[in-house]
**Q** 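Have a look at the structure that comes next, please.
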Amino acid sequence: KSGFISLHSLNSAKIISSVFAENRLSGDIINVKYSTDVLISSAFYNNTQGGTVINSLNNENLHSDNSIFTGNTMDYIIKSTNYQNTISGCIFTDNAVINVVSSNDKYLSVLESTFSDNTLSDNGALNIASGNAIVNGSIFTNNAANNYRIIYSASSNMNIINSVFDAFNV
């Protein structure tokens, strides 16, 4: 699948204050592999027909900071297999995806982020397949899924601290 931005084997990559809106593509919006430090702080609105908004593979550190993901119909919002994946201050609203975040990271941190009104076709807004994960200060409201609508963790060390979960549609 082709996409918009493909980054490979970089020491540092930053995508800041950019807007990706109403794109209809067959691939990923951002595909980043084998890089050291990747920072994404942008907005993603109403993108459809694609694979993944941010597809990240074998990076040392992926940091999604203060990004907005609204109204996207994709396979995933963030799909990652990294050493460290930090999601902080992000808003995920009204997306129709398999999972909002699908993680195979060694370390996943979800900090002060909001997941609301997402429609999920698989296990949870956060699907954590392996590694160590922390969710701190995050809000999960009105998400709908076929199974495990908020968090699904298969084989990880999971810590949830100071987070809010609604009781809608339980």
Side-chain angles (χ1 to χ4, degrees), residues 1-8 10 12-35 37-105 108-129 131 133 135 138-146 149-152:
K1 293 181 177 180
S2 62
F4 279 152
I5 297 174
S6 184
L7 307 170
H8 295 256
L10 302 173
S12 176
K14 295 178 182 178
I15 301 172
I16 299 173
S17 299
S18 300
V19 176
F20 299 85
E22 299 183 10
N23 297 294
R24 288 162 179 71
L25 66 155
S26 62
D28 303 325
I29 292 177
I30 297 172
N31 184 296
V32 58
K33 298 178 183 177
Y34 310 110
S35 296
D37 288 307
V38 179
L39 170 63
I40 298 171
S41 182
S42 292
F44 303 85
Y45 300 108
N46 302 317
N47 298 289
T48 61
Q49 301 175 352
T52 302
V53 175
I54 300 171
N55 192 356
S56 179
L57 176 66
N58 292 332
N59 298 293
E60 185 69 24
N61 184 30
L62 171 67
H63 192 105
S64 302
D65 184 51
N66 294 314
S67 292
I68 299 169
F69 304 88
T70 300
N72 299 290
T73 302
M74 307 279 284
D75 290 343
Y76 303 92
I77 299 298
I78 299 173
K79 185 175 181 182
S80 61
T81 302
N82 299 298
Y83 183 78
Q84 172 70 45
N85 181 4
T86 303
I87 298 167
S88 63
C90 291
I91 298 171
F92 302 90
T93 303
D94 197 32
N95 298 291
V97 292
I98 296 171
N99 307 112
V100 175
V101 176
S102 178
S103 169
N104 280 303
D105 303 299
L108 171 66
S109 299
V110 179
L111 311 171
E112 298 177 6
S113 294
T114 300
F115 298 77
S116 64
D117 299 309
N118 296 294
T119 302
L120 315 157
S121 63
D122 195 15
N123 296 333
L126 296 179
N127 187 335
I128 305 162
V135 175
S138 294
I139 299 170
F140 297 83
T141 60
N142 203 27
N143 296 292
N146 290 339
R149 68 185 180 93
I150 297 175
I151 297 174
Y152 177 80

**Q** Does Asn23 form a side chain to side chain contact (heavy atoms under 4.5 Å, CB included) with Phe4? I'd like the steps, not just the answer.
**A** CA-CA 10 Å; Asn23 297 294; Phe4 279 152; 3.0 Å; yes
**Q** I want to check something: taking the side chain as every heavy atom from C-beta on, are Ile40 and Ser67 in contact at a cut-off of under 4.5 Å?
**A** yes
**Q** Thr70: what forms a side-chain contact (heavy atoms from CB on, under 4.5 Å) with it, not counting sequence neighbours?
**A** Tyr45, Ile68, Thr93
**Q** What's the verdict on side chain to side chain contact (heavy atoms under 4.5 Å, CB included) for Tyr83 and Asn59, showing C-alpha distance, side-chain angles and the deciding distance?
**A** CA-CA 6 Å; Tyr83 183 78; Asn59 298 293; over 6 Å; no
**Q** Begin from the C-alpha positions of Thr114 and Phe140 and carry the test side chain to side chain contact (heavy atoms under 4.5 Å, CB included) through to its verdict.
**A** CA-CA 6 Å; Thr114 300; Phe140 297 83; over 6 Å; no
**Q** Who pairs with Ser109 by side-chain contact (heavy atoms from CB on, under 4.5 Å), at least two apart in sequence or on another chain?
**A** Gln84, Thr86, Leu111, Ile134
**Q** Can you tell if the side chain of Leu108 reaches within under 4.5 Å of the side chain of Ile87, non-hydrogen atoms only?
**A** yes
**Q** Check side-chain contact (heavy atoms from CB on, under 4.5 Å) between Asp65 and all other residues, then give those that pass, not counting sequence neighbours.
**A** Leu39, His63, Ser88
**Q** With no hydrogens and no angle check, is any side-chain donor or acceptor of Ser113 less than 3.5 Å from a backbone partner on Cys90?
**A** yes
**Q** For the residue pair Phe44 and Val19, establish whether any side-chain heavy-atom pair is separated by less than 4.5 Å.
**A** no
**Q** Under the side-chain contact (heavy atoms from CB on, under 4.5 Å) rule, collect the residues that match up with Asn31, sequence neighbours excluded.
**A** Ser6, His8, Asp28, Lys33, Asn55
**Q** Under a 4.5 Å cut-off applied to non-hydrogen side-chain atoms, are Thr48 and Asn72 in contact?
**A** no
**Q** Do you know which two heavy atoms are closest between Ser64 and Ile78, and how far apart they sit?
**A** OG-CD1, 3.8 Å
**Q** What are the two closest non-hydrogen atoms of Val100 and Phe92, and how far apart are they?
**A** CG1-CD2, 3.3 Å
**Q** Could you measure the distance from the CD1 atom of Ile29 to the OG atom of Ser18? Nearest 0.5 Å is fine.
**A** 12.0 Å
**Q** Who pairs with Asn123 by side chain to side chain donor-acceptor pair (under 3.5 Å), at least two apart in sequence or on another chain?
**A** none
**Q** Is there a side-chain contact between Leu57 and Tyr34 in this structure, where contact means two heavy atoms from C-beta onward sitting under 4.5 Å apart?
**A** yes
**Q** What are the two closest heavy atoms between Asp122 and Ala145, and how far apart are they?
**A** O-CB, 3.7 Å
**Q** State which residues pass side chain to side chain donor-acceptor pair (under 3.5 Å) with Ser80; sequence neighbours excluded, sorted by chain then number.
**A** Asn85, Asp105
**Q** Taking Asn58 for the side chain and Asn82 for the main chain, is one N or O donor matched with an acceptor at less than 3.5 Å?
**A** no
**Q** Return the CD1 to CD1 distance between Ile5 and Ile30, rounded to the nearest 0.5 Å.
**A** 5.0 Å
**Q** Quick one: closest heavy-atom pair of Glu22 and Asn47, and the distance?
**A** N-OD1, 3.5 Å
**Q** Say you draw a straight line from OG of Ser12 to CG of Asp37; how long is it, rounded to the nearest 0.5 Å?
**A** 6.0 Å
**Q** Could I get the full list of side chain to side chain donor-acceptor pair (under 3.5 Å) partners for Asp117, not counting sequence neighbours?
**A** Asn142
**Q** The criterion is ring-ring contact (aromatic ring centres under 6.0 Å, His included); which residues satisfy it with Tyr76, sequence neighbours excluded?
**A** none
**Q** Tell me, do Ser121 and Val97 make a side-chain contact under 4.5 Å, heavy atoms counted?
**A** no
**Q** What are the two closest heavy atoms between Phe115 and Asn143, and how far apart are they?
**A** O-ND2, 3.0 Å
**Q** To the nearest 0.5 angstrom, please state how far the NZ atom of Lys14 sits from the CG atom of Leu7.
**A** 13.5 Å
**Q** Where is the tightest heavy-atom contact between Leu120 and Gly124, given as atom of each residue plus distance?
**A** CD1-C, 3.6 Å
**Q** Rounded to the nearest 0.5 Å, what's the gap from OG1 on Thr73 to CG on Asn46? Could you check?
**A** 8.0 Å
**Q** What's the spacing between Ile16 CD1 and Ser42 OG if we round to 0.5 Å?
**A** 7.5 Å
**Q** In the structure I gave you, are the side-chain heavy atoms of Val101 and Asn127 within less than 4.5 Å of one another anywhere?
**A** no
**Q** How about Ile150 and Leu126: do any of their side-chain heavy atoms sit closer than 4.5 Å?
**A** no
